[in-house]
Q: 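The structure's right below; bear with me while I get my questions together.
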Amino acid sequence: MPELPEVETVRAALAPVMTGARIVGVDIRRPDLRWPLPSSLYDDLHNKKVSFVGRRAKIIVIAVEEKAIMLHLGMSGSVRISSHKPNAKPHDHIELQVSNGQETHYITLNDPRRFGYVDSVLLDDLSAHPSMSQLGPEPVAIEDQTLQVGDIVDLPYLNQALAQSKSPIKSFLLDQRQIAGLGNIYVCEALHRAGISPKRKAYTVKGARAARLLPAIQKVLEEAILQGGTSLRDHKQPDGKLGYFVQSLLVYGRDGELCTSCKTPIKAIVQSGRTSFYCPQCQR
DNA sequence: CTCCTGACCTGAGTGC
DNA sequence: TGCACTCAGGTCAGGA
């Protein structure tokens, strides 16, 4: 499910509820998601104080005293926040109760497919964690983000990375080691906005094309964050609202419909196991 | 090394 | 209504 904008939506909802609050209840309902949960998880959380909620790529990082709790939502993960104890739903795997002394909130992690994971490391070791150390730069800078994220991607970096890859640009942009945080939806949308075919080899994206690509990526992500992400089937914001960016998608999920700029039918092809949607006329 | 495929898992949608 | 089948916001191990 969630790409960077959806994860950022979750982070931004968790931050005001968790920052400075104490975790007074921890209910872990199964031993594993994609991988076994860390055996220390209960102790890492229970009766501990949260100092900040950050994000790196698609990973939410919750600093709990000396530990960093890493939360990845996989394809189908979501978080609900409620002010009273919620009724347990299927696939609610972890429930936390947090209190800042005045208010109490319940935070529930739901993940039907269990492609997500939770891990726990010392804060000092966070950047060395295998799923952190390989990540490329962040595509956009987010205000109010307390976590020290990696560098923000810039044109010189992008040009150099593109020049070294023989993959199709579609696969290049999905590769979290190149730029971190993009997924299938926003890659399709960014390539459409930039007028670049998903089939084009990365090393041939240069000059004006590369210069269009970077702002296309950044704008599509920034707009999506403002609209609470994209709700297709699973994603909801933690307060239960949908993400409204779905109405701004110009190609994703629209095969057979006419391109908004040139009226050519949108095509769907499969590239490295993922569907790419694009306009064969506008995107070259 | 790089690149691609299949596997992981459940639920929603479609067509018969 | 039921059943078989396909597909899905991600990533990773393994093979070419």
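Just so we're on the same page: letters track the sequence lines, and every chain starts at 1.
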Q: Give each protein N/O atom lying under 3.5 Å from an N/O atom of nucleotides 12-15 of chain C, with the pair distance.
A:
| unit_1 | atom_1 | unit_2 | atom_2 | d |
| --- | --- | --- | --- | --- |
| C/dC12 | O4' | A/Arg34 | NH2 | 3.1 |

Q: At less than 4.0 Å, is any side-chain N or O atom of A/Ser167 found next to OP1 or OP2 of B/dC3? Yes or no.
A: yes
Q: With a 4.0 Å cut-off on heavy atoms, is A/Tyr186 in touch with a base, just the backbone sugar-phosphate, or nothing at all?
A: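 The residue A/Tyr186 makes no contact with any strand.
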Q: Select one nucleotide: of C/dG10, B/dT10, C/dA8, the one nearest the side-chain heavy atoms of A/Thr275.
A: C/dA8
Q: Roughly how many Å apart are C/dG14 and B/dC9, using the P atom of each and rounding to a whole number?
A: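 These two P atoms come out 15 Å apart once rounded.
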Q: Which listed nucleotide (B/dT10, C/dG10, B/dC3) is nearest to the side chain of A/Lys166?
A: B/dC3
Q: What are the residues of residues 196-205 of chain A, sorted by number, that bring a heavy atom to within less than 4.0 Å of DNA chain B?
A: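 Correct list: empty, so none.
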Q: Report the nucleotide, chosen from B/dC9, C/dT11, C/dG10, that has the shortest atom-to-atom distance to any side-chain atom of A/Glu3.
A: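 The closest nucleotide is C/dG10.
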Q: Could you pull out all residues at least two apart from A/Lys241 that satisfy salt bridge (charged side-chain N to carboxylate O under 4.0 Å, His left out)?
A: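 Here the qualifying residues are A/Asp239.
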Q: Verify the stacking flag for A/Phe115 against B/dC9: centroid separation must be under 5.5 angstrom and the ring planes must differ by under 30 degrees.
A: no
Q: Is there any side chain to side chain donor-acceptor pair (under 3.5 Å) pair reaching into residues 211-224 of chain A, and which pairs are they, with sequence neighbours excluded?
A: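 Those involving residues 211-224 of chain A are A/Arg193-A/Glu223.
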Q: Base, sugar-phosphate, or nothing for A/Pro168, non-hydrogen atoms under 4.0 angstrom?
A: sugar-phosphate
Q: If pairs are Watson-Crick or G-U with both distances under 3.5 Å, what is the dot-bracket string of DNA chain B, marking crossing pairs with [ ] and pairs to another strand with |?
A: .|||||||.|||||||
Q: Rounding to an integer number of Å, can you tell me how far A/Arg114 CZ sits from B/dA7 C1'?
A: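 For the pair A/Arg114 CZ and B/dA7 C1', the rounded distance is 14 Å.
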Q: Show which side-chain atoms of residues 93-100 of chain A pair as donor or acceptor with protein atoms under 3.5 Å away, not counting sequence neighbours.
A:
| unit_1 | atom_1 | unit_2 | atom_2 | d |
| --- | --- | --- | --- | --- |
| A/His93 | NE2 | A/His91 | O | 3.3 |
| A/His93 | NE2 | A/Asp111 | O | 2.9 |
| A/Glu95 | OE1 | A/Arg29 | NH2 | 3.1 |
| A/Glu95 | OE2 | A/Lys85 | NZ | 2.5 |
| A/Gln97 | NE2 | A/Tyr106 | OH | 3.3 |
| A/Ser99 | OG | A/Gly101 | N | 3.2 |
| A/Asn100 | OD1 | A/Gln102 | N | 2.9 |
| A/Asn100 | OD1 | A/Glu103 | N | 2.7 |

Q: Have a look at A/Thr230 and say if it touches a base, only the backbone sugar-phosphate, or nothing, with a 4.0 Å heavy-atom cut-off.
A: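 A/Thr230: base contact, heavy atoms under 4.0 Å.
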